[in-house]
Amino acid sequence: TVVGYVTAGEGSDTLRLAGSGSFALGLLGNEGQYRDFETLFLGSEASYTATGNSNFAGHGTLDGQLNLNGSLASASLTMGNGASLSGNASLGSLTVNSGATVSPGNSIGTINVAGTVTFNAGSTYVVEANATSSDQIVAGTAAINGGTVVMSIADGPINVGQVYTIVSAQQTTTPDGQFTTLVAPEYLFIDPTLGKAGASVTVTLARNGTSFASFAETTNASMSRLS
């Protein structure tokens, strides 16, 4: 247990969270218990739930697991191989590198990024959806350089033509950029399809070319063979 302030010295100083547990973000920052640190580091062995708000304006390096339900709105966060980020969070910027996974919310939820959200090749974006809404990242700028979207849709009715905005951005530095792969449930008459709407990234439940009539004919033929 630490009693009193922990103030970093001159140069570049790192606050490292090791092991597992919970962390109150209000403890970090110029007005918190841990002051004047330039970097927040969670190693590959770390697994934390963080809540509250912090005015920390440095850089975060995430190689472990972080469930963030709070605000680091002035901080940048870079995710390395094996890292995972979940929760309803606010960040200054977010970079998701190869081997890292982002899953907004604790069910369906949102991660807000004031600056740029970057998905690089080999990254994974896990999206949960229901009939009308989905996880979302809302950012000032999107930079999509590849990666995989893994989408699950809750059991129940779905809407043909439903458009989910999974990354909502005001502008983009990669106008031709897109996730490389979409892994989604398979439906007989619907193909989930990646798309773009300006700077934003969408998934549409698009009607495919399978006709209802052909399915009925196939079913009737199969029943005839059984009779």
Side-chain angles (χ1 to χ4, degrees), residues 57-63 66 68 71-105 108-153 158-187 190-209:
H59 180 71
T61 298
L62 176 60
D63 290 335
L66 179 61
L68 178 59
S71 177
L72 286 167
S74 298
S76 60
L77 183 65
T78 298
M79 301 177 63
N81 183 33
S84 69
L85 174 67
S86 59
N88 295 293
S90 294
L91 295 164
S93 67
L94 175 62
T95 300
V96 190
N97 287 318
S98 178
T101 300
V102 175
S103 178
I108 293 177
T110 302
I111 292 176
N112 292 287
V113 180
T116 300
V117 59
T118 302
F119 280 92
N120 288 322
S123 63
T124 301
Y125 180 16
V126 177
V127 178
E128 183 179 355
N130 57 29
T132 58
S133 62
S134 72
D135 289 331
Q136 188 177 57
I137 295 174
V138 179
T141 302
I144 311 298
N145 302 305
T148 297
V149 175
V150 179
M151 189 172 195
S152 63
I153 302 175
I158 58 174
N159 300 313
V160 177
Q162 175 69 40
V163 179
Y164 301 99
T165 301
I166 61 172
V167 178
S168 177
Q170 299 175 17
Q171 58 186 4
T172 180
T173 58
T174 55
D176 297 322
Q178 181 58 284
F179 292 99
T180 306
T181 305
L182 171 63
V183 179
E186 294 184 358
Y187 299 102
I190 294 173
D191 289 335
T193 305
L194 283 167
K196 297 287 285 288
S200 300
V201 179
T202 62
V203 174
T204 300
L205 301 185
R207 179 72 169 89
N208 62 27

Quiz prompt | side-chain contact (heavy atoms from CB on, under 4.5 Å) involving Pro185 - partner list, sequence neighbours excluded | solution = Ile153, Tyr187
Quiz item: With side chains defined as the heavy atoms from C-beta onward, is the minimum distance between Leu205 and Asn159 less than 4.5 Å?
Solution: no
Exercise. Kindly indicate, with the supporting measurements, whether the criterion side-chain contact (heavy atoms from CB on, under 4.5 Å) is fulfilled by Leu182 and Val203.
Key: CA-CA 9 Å; Leu182 171 63; Val203 174; 4.2 Å; yes
Self-check item: Leu194/Val149 under side-chain contact (heavy atoms from CB on, under 4.5 Å): CA gap, chis, key distance, verdict
Solution: CA-CA 9 Å; Leu194 283 167; Val149 175; 4.3 Å; yes
Self-check item: Selection residues 134-147 - residue pairs positive for side-chain hydrogen bond (donor to acceptor under 3.5 Å, both in side chains), sequence neighbours left out
Solution: Asn120-Asn145, Thr141-Gln171
Quiz item: For Met151, does its backbone N or O pair with a side-chain atom of Tyr125 as donor and acceptor, under 3.5 Å?
Solution: no
Self-check item: Expected output: side-chain Lys196 to main-chain Asp176 donor-acceptor under 3.5 Å
Solution: no
Exercise. Mind listing the closest non-hydrogen atom pair of His59 and Thr78 along with its distance?
Key: CE1-OG1, 2.9 Å
Can you give the donor-acceptor pairs under 3.5 Å from side chains of residues 85-96 to other protein atoms, not counting sequence neighbours?
residue: Ser86; atom: OG; partner: Asn67; partner atom: ND2; Å: 2.9
residue: Asn88; atom: OD1; partner: Thr110; partner atom: N; Å: 2.9

Quiz item: With Thr173, which residues qualify under side chain to side chain donor-acceptor pair (under 3.5 Å), at least two apart?
Solution: none
Quiz prompt | Distance-minimising heavy-atom pair for Gly109 and Pro104 | solution = O-CB, 3.7 Å
Quiz item: Got a sec, which residues hit side chain to side chain donor-acceptor pair (under 3.5 Å) with Asp191, two or more places apart in sequence or on another chain?
Solution: Asn208
Quiz prompt | side-chain contact (heavy atoms from CB on, under 4.5 Å) against Ala114, all qualifying residues, sequence neighbours excluded | solution = none
Self-check item: Closest contact, heavy atoms only, Ala121 versus Ser98
Solution: O-CB, 3.3 Å
Quiz item: Does any non-hydrogen side-chain atom of Ile144 lie less than 4.5 Å from one of Thr172?
Solution: no
Quiz item: What pairs with Thr180 under side-chain contact (heavy atoms from CB on, under 4.5 Å), at least two apart in sequence or on another chain?
Solution: none
Quiz item: Which atoms form the tightest heavy-atom contact between Tyr164 and Ala129, and what is the distance?
Solution: CE2-CB, 3.9 Å
Self-check item: Distance, nearest 0.5 Å, that separates CD1 of Ile166 from OG1 of Thr202
Solution: 7.5 Å
Self-check item: By side chain to side chain donor-acceptor pair (under 3.5 Å) - contacts of Thr193 (at least two apart)
Solution: none
Self-check item: Among Thr124, Asn97, Ile137, side chain to side chain contact (heavy atoms under 4.5 Å, CB included) partner for Phe119
Solution: Ile137
Quiz prompt | side-chain contact (heavy atoms from CB on, under 4.5 Å) involving Gln170 - partner list, sequence neighbours excluded | solution = none
Quiz item: Considering all heavy atoms of both residues, which atom of Ala100 and which atom of Gly80 are nearest to each other, and what is their separation?
Solution: CB-O, 3.4 Å
Quiz item: How long is the span from the CG atom in Asp63 to the OG atom in Ser84, to the nearest 0.5 Å?
Solution: 11.0 Å
Quiz prompt | Partners passing side chain to side chain donor-acceptor pair (under 3.5 Å) against Thr116 (at least two apart in sequence or in another chain) | solution = none
Quiz item: What is the minimum heavy-atom distance between Pro192 and Ile190, and which atoms define it?
Solution: CD-O, 3.8 Å
Quiz item: Do the side chains of Ile111 and Val102 get nearer than 4.5 Å, heavy atoms only?
Solution: yes
